[in-house]
Amino acid sequence: FINSRAFVYHEAILFGSLGALGSYICLAAYLREPRLAALLASGFLGTFSVLSRASVGGGTVVALLATGILLLAGPNRPGPLRRACGWCGTYPRADRIRDGWVAVALAIGTVACFGFVNHQKFGNAFESVPLQYHVSYQEKGRLEKVGGSLLHLRNAPRNLYSYLDPRNVLLDESFPWIYPTLHSAV
């Protein structure tokens with residue numbers, strides 16, 4: 001079903017990757033030298049990435065949320081979390097708390113923005129691939145076979161089988177050494 005037509009959205013993946021890379025660079029700059037501007041830039045670029053391609057930008061949301069949680073809870077608790085947060089130990093507590101809430105708000109805001117845009121475009125907040133509008137799924141019954149969505153738990157066993165079946169993998173001596181076969185066994 002997925003590869004029945006050659007539709008490739010290179011621009012969305014490219015811009016999503018670009019936004020994600022920028023977000024990670026800004027977040028790394030923030031972790032090196034805590035400045036609110038770097039954190040805000042990371043959130044903006046992460047939102048750009050998610051809105052371009054959710055599967056690529058999702059990591060930026062997780063990174064912002066983890067940073068926020070570590071800033072809020074990490075240095076204040078004894079144990080391994082405090083040792084892991086040694087990078088923010090010299091950062092003033094009031095600024096650390098403010099930035100922690102900002103990071104959490106940026107992550108939640110990104111998800112809310114994604115939901116709002118999808119709801120306005122497709123009528124469903126978190127369906128990033130509205131298959132009912134895709135040409136390949138216009139024939140009756142095809143969409144019902146996949147439960148109305150490619151992101152459905154009912155599809156997980158078949159997807160895992162197709163990814164892990166050795167007949168679908170070609171090993172080669174050139175990088176990255178593992179390639180999908182041209183003719184899938186599924």
Minimum heavy-atom distance between [X] and [Y], given as atom pair plus value:
| X | Y | value |
| --- | --- | --- |
| Cys113 | Leu51 | SG-CD1, 3.8 Å |
| Tyr30 | Arg35 | CD1-O, 3.2 Å |
| Gly19 | Phe48 | CA-CD2, 3.8 Å |
| Phe114 | Ala54 | CE1-CB, 3.6 Å |
| Leu45 | Cys26 | CD1-SG, 4.0 Å |

Partners of Thr110 by side chain to side chain donor-acceptor pair (under 3.5 Å), sequence neighbours excluded?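 Partners of Thr110 under the side chain to side chain donor-acceptor pair (under 3.5 Å) test: Thr47.
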Separation of [Y] [atom2] from [X] [atom1] (nearest 0.5 Å):
| X | Y | atom1 | atom2 | value |
| --- | --- | --- | --- | --- |
| Leu106 | Phe44 | CG | CZ | 11.5 Å |
| Leu21 | Thr60 | CG | OG1 | 11.5 Å |
| Ser49 | Phe15 | OG | CZ | 12.0 Å |
| Asp99 | Leu72 | CG | CG | 9.5 Å |
| Leu18 | Ile13 | CG | CD1 | 13.5 Å |

[X]-[Y] co-clustered via ILVMFWY side chain contacts under 4.5 Å:
| X | Y | result |
| --- | --- | --- |
| Val117 | Val50 | yes |
| Leu40 | Leu71 | yes |
| Ile97 | Val104 | yes |
| Leu14 | Val56 | no |

Beyond-backbone contact of Pro34 with Asp95, side-chain heavy atoms, under 4.5 angstrom: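 With C-beta onward as the side chain, the pair stays apart.
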With distance as the sole test, does Thr67 use its side chain to make a donor-acceptor pair with the main-chain N or O of Ala63 at under 3.5 Å?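 Yes, because the side chain of Thr67 sits within donor-acceptor range (under 3.5 Å) of the backbone of Ala63.
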